[in-house]
Amino acid sequence: MAETRANPWRELAGWERAAWLLVLSAAAWARLWELGLRAMTHDESLHAFFSFRLFVEGVYRHEPVYHGPLLYHLDAIVFYLLGATDFTARLAPTLIGILLVASLWLLRDYLGRRGALAAAVLVTISPTLLFYSRHLRNDIYIAFFTLMWAYGAFRYLDGRQKRWWYLVTASMGLAFITKEVSFITGAVIGAFFAVVAVVPAPGEDATTRKRAAADLAFLMLALVLPFASGALFLALGWNPVGAEAEAEAFGRGAFVLLALFGVAIVGGALRFGWREWLSTFGVFWGLQLTFFTTLFTNVRAGLVSGIVGSLGYWLTQHEVARGGQPWFYYGLIGLLYEFLPMILGGVAASVGLWRLRHAAWDPVDADDRPRSPEGPCRETRRLWLVFLIWWTVASWMGYAWAGERMPWLLVHQVLPLCLLAGWGARRLVAPLERENARVAKWLLVGGSALTVVTVVGVLRSSPFTGRDLQATTDTAGWWVRVLVQAGLLGVMSNAAARVGGHEGRRLVGLGVVLLGIVLTARASVQASFVTIDRVPEPLTYAQASPDVKRILREIEAIAERSGGRHMLRVAIDDETMFPMSWYLRDYPNTVSWRADPSLAASAAVIVVGLRNRAAWPLVARGYTRQRGILLWWPLQGYTALTPSRLWTLLADPDERRYLWQVFMYRQYGIDGRQWPGNREFDMYLRSDAAELVGISSTVDAGVADWSRGRVADTAWAPEAVFAGPFAGRPLSRPTGVAVARDGAWLVADGGNHRVVVIEPRGTVRVVIGGGRCALTEPGQPGCVDPDGAGPRAAGDGQFDEPWGVASGPNGEIVVADTGNGRIQVFDARGAFLRAWGRSGQVPPGTDDGAAPRFLEPKGLTFDAAGRLVVADAGNNRLLFYGTTGHRQGSWGPVIDVDPPLDGPASVALDANETLLVADKRRILRIDRFARTLAMWRVPGGDSRTAEDAPTLAADPGGRVYAADRESGRVLVFSPAGALESRLVLPRAGDDDVRPTGLAIDRVAGKLLVIDRAGNRLLVMPLFRPVP
Amino acid sequence: MTDASTLRSGPKAPPANLGWEHAPYAVCGLAALLVRLPALDRWPLSPVEAASAWATWGLAEGRASGIPLLDPPPASAALFGLQAALFWLVGAGDQVARLAPALAGAAVVAVAWLLRRSLGRTTSISLAVLLAGDPLSVGYSRLGDGAVFVSTACWVVFAGLIVLADTPTPRARAALVDGMSLAAGFALASGPLVWDLAPPLVVAMLVLRPQLPTPLARRPAVLAGATALMVATSGLTQWEGPPLVSASVGAWLHQWTTPGGIPPGELWVSLLRYEMLPLTLGIGGLLVARLRRWSPVLAGWLAWGCLLTLRPGRTPAAWLVIAPPLMLSAASAVSWLATTIRMPASRLAATPPYVAAAAAVVLFAQFVHGAFDISGGRFASGFRPYAVSTASGVRLLADDVALIQQRALTATRLPLDVVAPAGVDPVLAWYLRGEPTMRWVAAPSPPSPDAPRLVVEPADDGPDPRHGGYGLRRVGAVLERVRLR
């Protein structure tokens, strides 16, 4: 009868189950959170861009310098499913990083239940593994495939089951289409099993195990044998990459390839049988051929670059030794980030080797094993421990020997170290027993961590240096730490006596490891979330600075404001090609140039690197320049480190302090721009483009203040003045003006409570209203019901001092009936169509959508989407209405404009159809998402009322006009917000000038100004600056 | 036996079906987090918050803490230590600066869980609901202020005193005393509010005379002292926190001697607006539920809290002193109402409780609305924790400075002169902390085209809403125009 397989999840203790859930949740959260925040590194952007091209154009050609094809194919699939962003570009490796943590569950048989859990914790918080799980590189894939490879091999050792055989084959296949470090991994794993196959071993299943190990060693060798063609090409003096390699491979080199494939196939078939071997070989090489040839779309070049170039190219690079790092490079950055697994792993390896002398010793305690009937035998567990130690040592030595030393290769060294450290920490992982000496146990855990902290504090102190205040304080602090330390040791020894020696040591170790976990987690958080791209962590390389994303935001703003969205012409040179190609992927008019700068001529935005900085001015003209950092590299002052130099450093207190700052806080004492390892770029903005984002040599960025008085008053004479009489009455305290679609002028004649529609030559076309109707007063004096029992209500078509007027898309006339707190709409002939609203305050946070209330509605305009915008001054909000009067939006109580509106009284559209709003404090330019793009302060805004708020208009050239009633001037601003002029209007007799209404007649090219004090309409020429 | 009489008649056996008992407390805990955690950075840090945050940021970055430059210094060593630990761990920011108080504020719900056996199911769940949603506590939980640490820790001590009376086994009593000692030590290092809450707690202890386990005579004091030391020094990693404990005494005395608090009318309007439910039910509960042994203590505590609202330096934090007696008796009143309605003596007798329950439902709606109102950040509508707050424009100022620095064509950052004649402005110090070239100047030096720099100065014609009351100007030419012909 078949044995029922137990559910391993149900076997777990409650704390263990909770711990696994917590670790996996933390791993997922830490890997996915803010994944797109950091700017891409040079290599990431290259990977992402090639993947993007594969997704968009279906084009990808394998080249060994950019590693294996799997990453590009997976990313192309993600782009197809989720779109292309920094986040999605990193998603696939991130998910693999999460899977890597989860896969440690499988190792409970080999590390013990507690060891696997400890290893999962260490992998989750490892700064290296976390950082490169959030990074578009191949290394985290390799880490996962290697783990599966090793796991499958060890499962195969016990019983030689075919499923594990195929797990090894598939893992190898995926690893070799991912990155060429698989050759190192393969050598490490293959050599181990080759030795196991030949070395005598104890135990009852020794023969089976040795046979299985021989199978595995042979499998690994035979599968990858054809890749040796790269080495043979080099030995024969042929180039293993490029067109030459292609020609050789399909010429005389074909014999080499056929011979290697033949030996691999025949040799494997003789050992394992034809059927078995062909299916195994088919799985491995099916993956290679499919991906290296980009799904058989690039067969000839793909086969050669994949089979010959993979090993051949990287053998040539060994001598090049890119990066120029010293042999101790990994040890150095390992100490910065991976100190915990290094210490734990070192101790574990020593203890493990010592204990392995005893043949009966089992690395996993009986009570720590999962209750699986298929679990490995003791000898396999012992072998696993030997393998872990071998894997760790061989990886650290192998990568230290390899010519190219890069921070991402640390991934392959840290993974086995974490597994070893996890095994070593297995005895520390257990809940504290609740019943016995509970406080003493906690004291030991906490006290040991505090001891480390205090000892470090004591060592870092500088006591007895003098008698001044600072020196005395330092000495006192030292004494306090020493006394606290002495007290702590006393308390801890007392607690240890109560707990017992063995348990006491465990708890002390647990406390120290917990402190190490906190420090490691902190290093992880700093590298992945805090420092990110602001300062180059030693863990990264060729990292784009935040300037890259900043200039991208400016390019996007220019593109959006110039109307063409992504049609903007942007030029990049060969130095800035990466990461800019990735970030400008949505700009089809991007040109890249290498030698001929004239290709970039006339582009709105030009980004050039350092090398082309000198060449660029040959074509530069009328551009504004910004400078930033494109990429930066970690400091590499350690390359010249020698033992004597190290001793000198450690002996110098100042140097020690500096090293402490670097170790604990990553503080190097160097400002970003002075960072020695950076590559700068210049971004040139064509002047018109620069003005769109508020950059010009004459404007204070961000803030303009017209009270500072740099611009002199300019007398500005009207071309015509209209005062009436219109329909028998002259204008009386007029307020607003607008231009209808057919060119007529709409004048809100406030004192006469009417709207007058006049032709540009001054003849009256229509008069709407006349005579005051005060709906807000008792008895509604003056209000007339126009149709008795008809649908219209009393007061429809009448006003109480109207202010704002606007002309709708269909020619309708919209009037802000300010005194009555409502909006009225008329057709072009003045016939009443509809009205809505009543006067009233809307308490903050309440919705009056069904029964709108307005308090002194004044400014009106139609926005780019054809919605009526109403400035509801008394309620501090803007309201948006459709053509039939239904509300479509509200800024203020529902969507907050930042800073909040304060009595908005005028609205207008600028030349880019962006909304301009004037309230009593300032003028704002606000985009359709309620984001404030620009702002100009109004002097003395606090003392002003909404009635004093400036009135706005914008001409087709982008100039903004503001009628400032208080100063009696019309202020003219450039599109970027610079105050260009103050237009002084002529007086009408002794009366002051009080401009309250403005409109631009775009057809006639005139500026219409309402002078409320002079009861007149002035027709002015548009402002033209004096050359 | 019902909840209302629980306190009067002594401890009861643990309620059956304990598993289901988790749910209401868990819901209350989640609700407490829901109103405390979201959008903690909705408003910029006030000067008081910014002072603490800036000082701790310096420490977390391995620089000088900046405490000596601040006048007055921060007064919560616990906040200083916890903020420093959080900044060190996950980086500095407005949300992180307010995270620890928000979590501590939500943790107060656990007090109701501790009290479930002493108070009974209905009373303790009612207390959990009140604690989770208490609007002014929510407001203080969303500030980078140590007051809520004191409040939560004192709640734990208070609850411990109640539970201690009902805990028969010496082992459990010892554990309880340990917990109370830890809480007391934490409170001691948490800020000036502890000196407001200490008298009623001491009086409660004297009146109730809890039977302490005899071998533990010195232990509570040692544990409390050690906890205070550990909290104030962030686990012995820094020694700038302990002086802040004495600073908290100074700050507390300052509230008694120096005017400058909000007007008493405003304070009481604020209490009536947000805390009508606990005020009404709490006073009603004191009168109706007649919590035998506790009534004099709670009444005295309430009187002490009301006295605090009269001192010159009063703040809405007085509510955190008034709240414990009112909350407890309000929860008891809810329980009494529930019992009376469930088992009326007669139809006529049931009417007043029904009316009271209906009124309580209305007040509860207002209570919940108040919690979300304050959680939504509309402080201006009635919750004014500090005399001076910060306008949101100060963040734009920092953004503008960063933008200009990025656009400047110089090889290094432009010097940033911050005009602050009275010394360090904590708000600017906090929001411009990322500017390595920032320096404090008493007055701006004359402009020079050869030495471009940025100047941040108090706005000369009234607060600038964009920049939160500060003006930003650029001196000298920092942008370059390339013209060859």
Side-chain angles (χ1 to χ4, degrees), chain A residues 438-439 446 449-450 453-454 457 477 480-481 484 488 518 521-522 525-526 529-531 546-547 550 617 620-628 660-661 664-665 667 671-674 684 687 695-697 700-703 705 707 844-845 898-900 902 921-922 932 935 937 939-943, chain B residues 60-63 88-92 175 178 229-230 233 235-239 373 376 378 380-381 391-393 395-397 399-404 406-413 434 436-437 459-468 471-474 477-485:
Chain A
R438 188 169 43 92
V439 175
L450 285 176
V453 171
T454 316
V480 168
R481 286 183 172 91
V484 167
L488 257 179
V518 170
R522 194 256 178 179
V525 169
Q526 291 287 321
F529 301 102
V530 181
T531 313
D547 288 354
R550 279 196 201 123
R621 129 173 229 200
Y623 279 83
T624 298
R625 189 178 69 186
Q626 294 183 50
R627 182 162 294 168
W660 178 257
Q661 289 297 104
M664 282 300 286
Y665 306 106
Q667 305 244 341
D671 184 27
R673 290 279 169 82
Q674 294 168 317
Y684 292 88
S687 295
I695 300 175
S696 107
S697 59
D700 283 359
V703 187
D705 183 346
S707 67
D898 191 11
D902 188 5
R921 291 168 179 265
R922 70 241 128 152
T932 303
M935 178 156 50
R937 291 182 53 219
D942 280 347
S943 60
Chain B
E61 289 283 305
R63 311 165 194 225
W88 178 79
L89 201 59
V90 299
D178 284 353
L229 179 70
M230 298 303 295
T233 58
L236 305 179
T237 54
Q238 47 86 15
W239 294 89
D373 188 48
R378 288 188 280 272
S381 59
S392 59
R395 286 176 174 155
L396 285 176
L397 175 87
D399 288 347
D400 282 351
V401 168
L403 185 67
I404 294 171
Q406 190 250 322
R407 285 174 170 175
L409 287 172
T410 49
T412 55
R413 286 169 176 270
T437 56
D460 50 5
D461 52 358
D464 177 347
R466 175 176 159 80
H467 284 148
L472 168 64
R473 67 192 171 91
R474 199 171 49 212
V478 292
L479 290 181
E480 179 184 341
R481 187 171 282 247
V482 180
R483 286 190 191 283
L484 294 183
R485 290 191 283 268

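The sequence lines fix the lettering, A, B, ..., with proteins before strands; numbering per chain opens at 1.
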- Note on the structure: Closest non-hydrogen contact found for B:Val90 with A:Val530 is O-CG2, 3.2 Å
- Counting heavy-atom pairs under 4.5 Å to chain B, which of A:Val525, A:Val518, A:Thr454 comes out on top? A:Val525
- Message: Given heavy-atom pairs under 4.5 angstrom as the criterion, report whether the side chain, backbone, both or neither of B:Ala60 touches chain A.
- Response: backbone
- Check: B:Trp88 and A:Met664 side chains under 4.5 Å, non-hydrogen atoms: yes
- Among A:Trp660, A:Phe529, A:Tyr665, single out the residue with the greatest number of heavy-atom pairs under 4.5 Å to chain B. A:Tyr665
- Please tell me if the side chains of B:Trp239 and A:Val480 come closer than 4.5 Å, counting only heavy atoms from C-beta onward. yes
- Message: Are the side chains of B:Met230 and A:Leu450 in contact, using a 4.5 Å heavy-atom criterion?
- Response: yes
